Amino acid sequence: MTDTSDVQVDAERYDPLALEPAIAQRWHDERTYSLSPRPSTDRDGQGTFYALTMFPYPSGDLHMGHAEIFTIHDALVRHLRMSGRRVLNPIGWDAFGLPAENAARNRGADPKKWTYENIEEQRSTIVRLGYSFDWDTVLRTCDPDYYRWTQWLFLELFDAGLAYRREALVNWDPIDQTVLANEQVVDGRGERSGAVVQRVPRTQWFFRITDYADELLDALEAIDWPDRVKNAQRAWIGRSEGAEISFQTADPGPSGTPEEVVVYTTRPDTVFGATYFVFAPEHPIVTARMAGNADYDAFRDEVSRRSEVERVSTMSADRGKRGVRLDFDMVNPFTGEPIPAYAADYVLMDYGTGAIMAVPIGDQRDFEFATQERLEIRPIIRPTTQDGDLLEELDPATMTEAYVGPGVMINSGEYDGLPWEQAKARIVADVSAKGWGTTRVNYRLRDWLVSRQRSWGPPIPIIHCATCGEIGVPLSDLPVELPGDLDFQVQGSPLEQHPTWKHDVVCPQCGGEDAVRDVDTLDTFVDSSWYFLRYLSPHDDTKAWPKDAANAWLPVDQYTGGVEHAVLHLLYSRFVVKAMRDRGHLAADEPFQALLNQGQVIMDGASMSKSKGNLVVPGEITDTYGADALRGTMLFASAPEDDIDWADVSPTGMHKWLSRVWRLTLAQIEREASDTAADGAEVEALRKAVAVAVIGVTEDYDARKYNTAIAKLMSLTNAILDATRDNSGGETARDALETLLTMLAPICPFITEELWHRLGHADSVHDQPWPTADASLLVEDEVEIVVQVNGKVRGRITMAVGAPQDEVVAAATADCAVAEHLGGEVAKVIHVPDKLVNLVVKA
RNA sequence: GCGGGCGUGGCGGAGUUAGGCAGACGCAGGGAACUUAAAAUUCCCCGGGUGAAAGCCCGCGUGGGUUCGAGUCCCACCGCCCGCACCA
C-alpha cells in the first residue's frame, strides 16, 4: 500500500477489502437470497429453476476447486434471477465420512466437533465470497434430522426388496482392520495405511442397482449431460448381449448324475471351437469338488488376494494367466467331446456365470491361455472380407493372436458354410430348442455395496433377531442415533465395540431379547444420493420430502460439479430417484436434467497440494484483491469446463479492470454533482457500443461462456473511457455505466452493488431486470464488404446496405488495391450480400 | 487394447454451433507521456519473413481431399489428456 497521508488524492481508490465484508455479512444475516415462498409450499413450476451445486465435504477450509464451482454456479444463479426466474439455490454439507474418523483416530478429535468446526469455517468463506445461497435450506448429512431420513430411505429400499444382505468379496485393509470403499483403494493399496488391500469374503448390505441397469442405460439419451460422463456411465453399466449354454461334467460326480454348469458367451457361434473349459477359482462346483485339496486352496487364496494389486499394476495383455488343471472334464454339448476343465484367474466369479467355454481361436484371452498351456486351438471359422469374399484359412501353428473378424463356419457340423452372424442366430435358436440354454443380457454393473465398518455415518436401521431375522427399525424409532461416546482408539469398528449400543435393543417384531443392532453404517454416497430432495424441506420432521414439491421442482435444472463423480454419485442418485419413483414418492425419472462439469484449478501443470508446496487457497486471493477479483479471474481464465492453471492467470489484471470501472463511475458521479454532465461527440458510438455489448453479453451468459462475456464487458468499459476522455458524459454515459454494472453484477456482486448505490439507487443492482438492447441502434445504412480475389482478401469497400451484386462488383473492380490482382478475366463471382464478394479469375 | 476429448502468438484464450477479414479480450514484454523520483494512470507497439513504407509471402500439430473460399467439413497420420481395462 502506498502512503497517502501527505498526498492529496483526487478520488477515492477502489478498495475491495474495505467494502466487501460488510455487504457479504448483510446478505447472509438478512437471508437476502432465501426463496419465498418456501419450495415445499410452491405448487407451480412456472418460471422456477432448481440450480444445484455439488455440496462440499468439510475436510478443512474451502479450496480453489470449491471457489471455481461456486463462482460458475453463482454467476448462473444471479443471472437467472435478474432474468426473472425464481431460483432455488440451496447449500449444505456432505458431512459424514472417513476423514472425520481418521482425525478422531489420529489426533483424538471428536469427529462431530471436527466436522462442525470445518463447516463453520467453510460457511464463513462462502459468505465472504458473496455466493448467493439460500441460507434457510442448509442441511448437514451428519445431523440426526437428516440421517433419520437416510435411514428411512434405506428401509424403503429394504421393503421394496432393493436392499439385501449377502456375502461378497470386499476390500480389506489388514493394517487399519477395516473394509475400504473401492475409491479408497489406490493402486491396490489402502489410501491411508499403504497396505496391500486383500479381497476377503464378508456379509454385506447391497442396493439392487442392477435391477435398473437397462433404464439407467437407456435414459441417458434424454438428459443433457456431457458426452464423456454419459459414456463413462455406459461403460460402467457395460451391457452385453449373448447366450447362456449349459455344459455337463463328463463324470457322474458326487450325486451320481452329471452336474450342469452354465456358461455365458457373446459368441455362441464359436461353440464348436470350445476346446477347454474354465471356472472362476471360487466357483461352487469347483470348491465342492476340490474340497480338502490343500494345493488348490493355496492357489485360490493367492489368486483372490493378489488379483486387485495385479489388476492395476500390470497391463492385462502383458500379464500371464494363472490356472490349474482340475481333475475332471466337461462335455461340449455340440461336439459331444470331453474337454479339459481348468480353474483360472482370468475368469471372474461375479460376472456372467463364473464359468466359460474357452474358444482359443476366437478369443484373445483364451488364445493366450491355450498357448501357455499347450491346449488345442481348433479353427472353426474361415476369415472373409466384410463383403464375404473368402480369405486364407487360419493356421493355429503360426497364429499370434485370436481371430475376431468376419468369416464363415468350418468344422462346425451342420453349421458349416454359414456366415458367422447366421450361425450365431441358428445356434442360439437350437440351444433354446434343445433346452441347453437361452439368450441372455449381462451387465458389468454390480450391485452397490453400501455397508461400511465405520462409525461416522448413518447406522443401518436393522435389528438382527435370532427368531425373526432381519427386521427394520420402526419409523417411530428413527433416527437410530450414533452414540456420543465412541472410542476411536480401538482396533476395528468403534460402533461394533461400543459397550452397550449393539445389545441395548429388543426385536421390534417379537419383542425377543436375543436381538442385536446392525453395527455397520451406510456408505457416504447413500447420504449424497438424495440430498437434493431434502433441500425442498430440510426441517420437516414428518417426512423426507413433500411429494408435490418434488414433483414441481425435479429434475434439477442445472447441476454443477466435478467430473470425478461421473459414475459414482451421479449413477447412485439416478438409481435412488428411479427407485423412489417406483415407490410412489415422486414423479421424476431423473434427478439432474443438465450437468455442467467445471474444470480443475491446478498450479504449474499439477494438481495443488500442501505437500507439493503449490497450494493456493481462496482466502489468500480474497485478502489481497478481494472476492470480486477472485471470481472475475476464475471466470475470465477460460470456459467453465476447462482447467485453470493458476500460474497462468492474473488477479492483478482483474483488479486493474475493476479499478477502472470504479474510477469511471466515480468520475460520472463527480460530473453530475458539479453540473458538468453533458454528452460529448462520441455519444452515438457509445450508444451503439452499449447495444452491441448487451446482445453479445446476453448470448454469452445464456451459453455459460463467462470468459467471453467478460471480454465484451471490458470492451464496453473501453468504449465508455473513449467517450468520456474529454470529461464529457451525461445521460448516455450514465446509461452505459449502469448497463455495464448490471451485466457485471452476477460475476462481481460487490463492486457493482456498491457503485449502484453510489449512483443514487436505493435498491440492489441484483434486483434489476436483465438489460435489453435497442436494436434500432444497430441498423446501418452502410456496410464494409470484404473483397476477395480467388479467395484471398485483397481489399474492403463500403457499400449501401442491400447493394445488388452488379454494383458491388463494379465498386470492387474499381478499387485500385483489388484491380492490381485482377490479372485476367473474372470468370465467376461469389456474392454474400452485405458481407463479402469473391472474384474468381482464370490464370 | 477399447472408448471419449483436445492440438491456434511468449502465455490464458477468441473465432469451430451454420465454411466467408485468424489472433477478440487480457497477461507478460517493449516504448512514450505525466512525475524530482517511484507507484498509479494514460497512449503506442507486440505471429514469422521481407521491406523505408504501402505492400507482398508464409502461418491454426502433419500430409492429403472437398470447395470460388477450410482453424472450421472429410480421410489418414503424429502428439497430448481423460475414462475403462482379463467383463467371456
Side-chain angles (χ1 to χ4, degrees), chain A residues 1-4 7 9 13 226-236 238-240 242 263-267 270 278 280 307 310-312 314-319 321 344-348 350-359 362-366 368-369 442-446 563-564 566-567 633 636-639 641-645 647-654 656-657 659-660 663 696 703 705 707-715 717-718 721 725 784-796 817 820-821 827-832 835-841:
Chain A
M1 286 293 129
T2 50
D3 179 13
T4 56
V7 178
V9 286
R13 288 161 41 101
D227 283 341
R228 63 173 170 159
V229 177
K230 289 192 189 185
N231 286 330
Q233 293 212 350
R234 288 185 186 113
W236 193 263
R239 183 187 154 100
S240 85
V263 301
Y264 173 72
T265 178
T266 54
R267 291 292 303 275
T270 64
V278 188
S307 60
E310 291 188 355
R311 182 166 302 167
V312 293
T314 325
M315 295 280 286
S316 59
D318 298 343
R319 193 167 65 237
K321 295 177 184 357
D345 62 350
Y346 78 96
V347 175
L348 309 176
D350 55 0
Y351 183 79
T353 61
I356 63 159
M357 62 177 209
V359 184
D363 182 280
Q364 184 59 23
R365 295 152 301 189
D366 296 341
E368 286 166 18
F369 191 73
N442 253 314
Y443 302 92
R444 215 187 69 98
L445 183 70
R446 310 289 201 271
V563 74
E564 66 272 17
V567 289
T633 302
F636 187 48
S638 63
E641 297 82 2
D642 295 339
D643 287 351
I644 297 173
D645 194 329
D648 292 334
V649 301
S650 172
T652 318
M654 186 54 50
K656 274 169 69 177
W657 173 50
S659 299
R660 178 178 273 193
R663 282 193 309 275
K705 290 162 71 173
N707 54 335
T708 52
I710 292 171
K712 284 161 190 159
L713 292 172
M714 286 175 168
S715 295
T717 310
N718 294 341
L721 180 69
R725 198 177 293 287
E784 189 180 72
I785 292 178
V786 172
V787 182
Q788 296 182 339
V789 177
N790 291 339
K792 294 201 178 196
V793 180
R794 297 300 184 185
R796 293 170 181 81
E820 245 181 77
H821 297 278
K828 189 174 176 185
V829 174
I830 314 292
H831 181 228
V832 184
K835 278 182 88 174
L836 170 141
V837 63
N838 185 15
L839 307 173
V840 183
V841 177

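Values below: all heavy atoms of this structure, side chains included; hydrogens, waters and symmetry mates excluded. Bear in mind the structure is a predicted one, so any value in this text is a computation, not a measurement.
A/Lys712 comes within 4.0 angstrom of nothing in the nucleic acid, heavy atoms only. Residue contacts shown for A/Val793 are limited to sugar-phosphate atoms, with no base heavy atom under 4.0 Å away. The residue A/Ala637 sits close only to the backbone: its heavy atoms come under 4.0 Å of sugar-phosphate atoms, none of a base. Residue-level contact check: A/Asp648 touches the backbone only, with heavy atoms under 4.0 Å from sugar-phosphate atoms and none from bases. When heavy atoms are screened at a 4.0 angstrom cut-off, A/Leu721 is found touching the sugar-phosphate backbone but no base atom. A/Phe636 comes within contact range of at least one nucleobase, with a heavy-atom separation under 4.0 Å. Across all strands, A/Arg239 comes closer than 4.0 Å to no nucleic acid atom at all (heavy-atom distances). Counting non-hydrogen atoms under 4.0 angstrom, A/Asn718 reaches the backbone sugars and phosphates but no base. Within 4.0 Å (heavy atoms only), A/Val347 reaches at least one base atom of the nucleic acid.
One can place CZ of A/Arg660 at 4 Å from P of B/U42, the figure rounded to the nearest angstrom. A/Asp642 places its CG atom 12 Å from the P atom of B/U8, with the value rounded to the nearest Å. A/Met654 has its CE atom 12 Å from the P atom of B/A28, to the nearest Å. Across the protein-nucleic acid pair, A/Asn707 atom CG and B/A14 atom P stand 5 Å apart, rounded to whole Å. With rounding to whole Å, A/Gln233 atom CD is found 15 Å from B/G3 atom C1'. As a whole-Å value, the separation of A/Arg234 CZ from B/A85 P is 18 Å. Separating the CG atom of A/Asp645 from the P atom of B/C27 is a distance of 18 Å, rounded to the nearest angstrom. For the pair A/Arg228 CZ and B/C84 C1', the computed distance is 14 Å after rounding to whole Å.
A distance of about 14 Å separates the P atoms of B/G23 and B/U16, rounded to the whole Å.
Below the 3.5 angstrom threshold, one finds no donor paired with an acceptor across the side chain of A/Lys828 and the base of B/C68. Interface remark: the A/Gln788 side chain does form a donor-acceptor pair with the B/G20 base, using a distance-only criterion of under 3.5 Å.
At least one cation-pi condition fails for A/Lys321 and A/Phe369: the charged atom is not both under 6.0 angstrom from the six-membered ring centre and inside a 45 degree cone around its axis.
One finds a side-chain N or O of A/Arg725 lying less than 4.0 angstrom from the OP1 or OP2 phosphate oxygen of B/C43. Phosphate contact (OP1/OP2 of B/G69, side-chain N/O of A/Asn790, threshold under 4.0 Å): absent. Contact annotation: A/Ser240 side-chain N/O to B/A88 OP1/OP2 distance is under 4.0 Å. Phosphate contact (OP1/OP2 of B/G15, side-chain N/O of A/Lys705, threshold under 4.0 Å): present. Remark: A/Arg794 is in phosphate contact with B/C56, judged by side-chain N or O atoms under 4.0 Å from OP1 or OP2. Residue A/Lys656 has a polar side-chain atom (N or O) positioned under 4.0 Å from OP1 or OP2 of B/C27.
Helical stems in RNA chain B, defined as runs of 3 or more consecutive Watson-Crick or G-U wobble pairs with both donor-acceptor distances under 3.5 Å, are listed by first residue as B:1-7 with B:78-84, B:10-12 with B:25-27, B:29-33 with B:41-45, B:47-50 with B:55-58, B:61-65 with B:73-77.
Side chain to side chain, A/Arg228 and A/Asn231 fail the donor-acceptor criterion of an N or O pair below 3.5 Å.
With a glycosidic angle no further than 90° from 0, B/G9 counts as syn.
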(request) Determine, step by step, whether A/Lys828 and A/Asn838 satisfy the side chain to side chain contact (heavy atoms under 4.5 Å, CB included) criterion, reporting the C-alpha distance in whole Å, the side-chain angles of both residues, the deciding distance to 0.1 Å, and the verdict. (result) CA-CA 8 Å; A/Lys828 189 174 176 185; A/Asn838 185 15; over 6 Å; no

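Ion pairing of A/Arg267 with A/Asp363 is absent here, as no side-chain N (NZ or NE/NH1/NH2) approaches a carboxylate O to less than 4.0 Å.
Distances were taken from every side-chain heavy atom of A/Trp236 (C-beta onward) to each of B/C84, B/G20, B/A88; the shortest belongs to B/C84. Comparing atom distances between the A/Arg796 side chain and each of B/C21, B/A88, B/C68 picks out B/C21 as nearest.
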